[in-house]
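Note that the structure is a prediction, hence the values are computed from the model and not measured.
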Amino acid sequence: MKAVVYHDVGDIRLEDVPEPRIEAPTDAIVRITASAICGTDLHFVRGTFSGMQPGTILGHEGVGIVEELGEDVRNLKVGDRVVIPSTIACGNCAYCRAGYFAQCDVANPNGKSAGTAFYGGPSATGPFHGLQAEKARIPFANIGLVKLPPEISDDQAILLSDIFPTGYFGAEMAEIESGDTVAVLGCGPVGQFAIASAKLLGAGRVFAIDQYEDRLRAARSQGAETIDFNREDPVETLKRLTGGIGVDRVIDAVGIDAEHGCCGHPERHTPRQGQWQPGDAPSQALEWAVQCLAKAGTLSIIGVYPPDAMTFPIGMAMNRNLTINMGNCHHRKYIPRLIEMVLARRIDPAKILTQVKPMNDAIAAFEAFDRRESGWIKVELQPQRQDSSGSGSEEQVMDKAVADTFPASDPTSMQEPR
């Protein structure tokens, strides 16, 4: 079968690999009908997140059809259409039973203290082969697969695998209440869903900070107030627009991408004598987050940082009584809730898709996504579609994707149950 395979930093290939097989009675084999490229995949390809094993199939977002089941998977049948939560969980341990699926004690073969297991990641996460392939083995399939209603399309479902749950998780960790003023740092796909989720949870105002016009345009289509940090200082602007108070909540949807000058202002990373050394600067996003928060505000961190990231503006955060919540999303906890939202037409996640490509075009799609070409916000891959002819209705471009308001509705008075 065809799959996108990691070989080295900057070296990924579309190649033939053996088909997966059942290895445990709780496994399933799924024929992938939709996958996607995520910013996290770029961390591995760029080498900003180390530990990838050559030969690992990339990708942690997937939708497909069940083709084979282990004998202990008793809640599904062959032919079921399913979405695959990005993080892997057993469903039985104390963490899973408490809803902390991303911290499952069992799924990660590196031991209980190893942390989150997910598809297509580095050695410390398993490793498990990913979902940018024609087929995939799904461990703990009774928990690791969620059956989809026929009303939800693959284009909608692929966003339910990772980035919509992650954005919603970030908004929930931000402790957003009705009327809150919220800033979202980073308007990529996860940031777009963080904006939408903040509105679903009742935010009164949402500010969106980025440097790319297509992303800012998508944020404006949701009703967010946009700030281009290449044109103005985001902290000063937020303070001015909030009467000098700052925002109540911040969601960092950037992570390691903001390290070492990637924010577009390398001069702000210049170390001063007696402070951090070059190459050890804290993320610009985290600095801005702490600086723009009102006293006693909340910072939610869902942007990906590597385990060796060691710096944070702790002094300012402590002295201003800030609350900080962070972590990997517990996808299995949120997906059923978000399916209900889509069925109720409170939101249409497919409006965030900007490209739909066949698997044959995967490497070129990675390159365009890595270059942040205009309009490339979220890319779906279709492993079962192998031709690359034409664009037609199967390829959505940015102007069409954001022509309508992204959330189907923005109820500001309704709180989601926690």
Is N328 close to F118 at the side-chain level, that is, under 4.5 Å between some pair of heavy atoms? no
Geometric class of the H330/F169 ring pair [parallel <30°, tilted 30-60°, perpendicular >60°]: perpendicular
How many angstroms lie between CG in L159 and CD in E61, if you round to the nearest 0.5 Å? 7.5 Å
Hey, are R205 and T181 close enough side-chain-wise for a donor-acceptor pair under 3.5 Å? no
Under 3.5 Å, is there a donor-acceptor pair linking the side chains of Q382 and D154? no
Output yes when a side-chain donor or acceptor of R332 lies under 3.5 Å from a complementary backbone atom of A89, and no otherwise. no
Could you check whether any side-chain N or O of S161 sits under 3.5 Å from a backbone N or O of I84, counting only pairs where one atom can act as donor and the other as acceptor? yes
Look only at the side chain of N75 and the backbone of N142, and say whether a donor-acceptor pair between them is shorter than 3.5 Å. yes
Note, C38 side chain near H60 side chain (heavy atom, < 4.5 Å): yes
Candidates V9, D11, D8, L58 - the one meeting side-chain contact (heavy atoms from CB on, under 4.5 Å) with V45: L58
Indicate yes or no for a side-chain donor-acceptor contact from S35 to the backbone of L131 under 3.5 Å, with no hydrogens or angles considered. yes
Non-hydrogen atoms of D27 and V73 that approach each other most closely: O-CG2, 3.5 Å
So, are E68 and K135 salt-bridged, with charged N and O less than 4.0 Å apart? no
Between K77 and D80 (salt bridge meaning N to carboxylate O under 4.0 Å), is one present in this structure? yes
Keeping the roles fixed (side chain from K378, backbone from I37), state whether a donor-acceptor pair exists under 3.5 Å. yes
Which atoms form the tightest heavy-atom contact between E134 and K2, and what is the distance? OE1-N, 2.7 Å
Donor-acceptor contact present, side-chain T56 to main-chain Y6, <3.5 Å: no
With a 6.0 Å cut-off on ring centres, are F101 and H331 close enough? no
Any donor-acceptor N/O pair, N108 side chain to A124 backbone, under 3.5 Å: yes
Return the CD to CG distance between E172 and L200, rounded to the nearest 0.5 Å. 12.0 Å
Looking only at the side chains, is there a donor atom on one of Q384 and T33 sitting less than 3.5 Å from an acceptor on the other? no
One should read off an interatomic distance between I138 CD1 and I143 CD1, to the nearest 0.5 angstrom, of 13.5 Å
Donor-acceptor pair, side chain of T166 and main chain of I163, under 3.5 angstrom: no
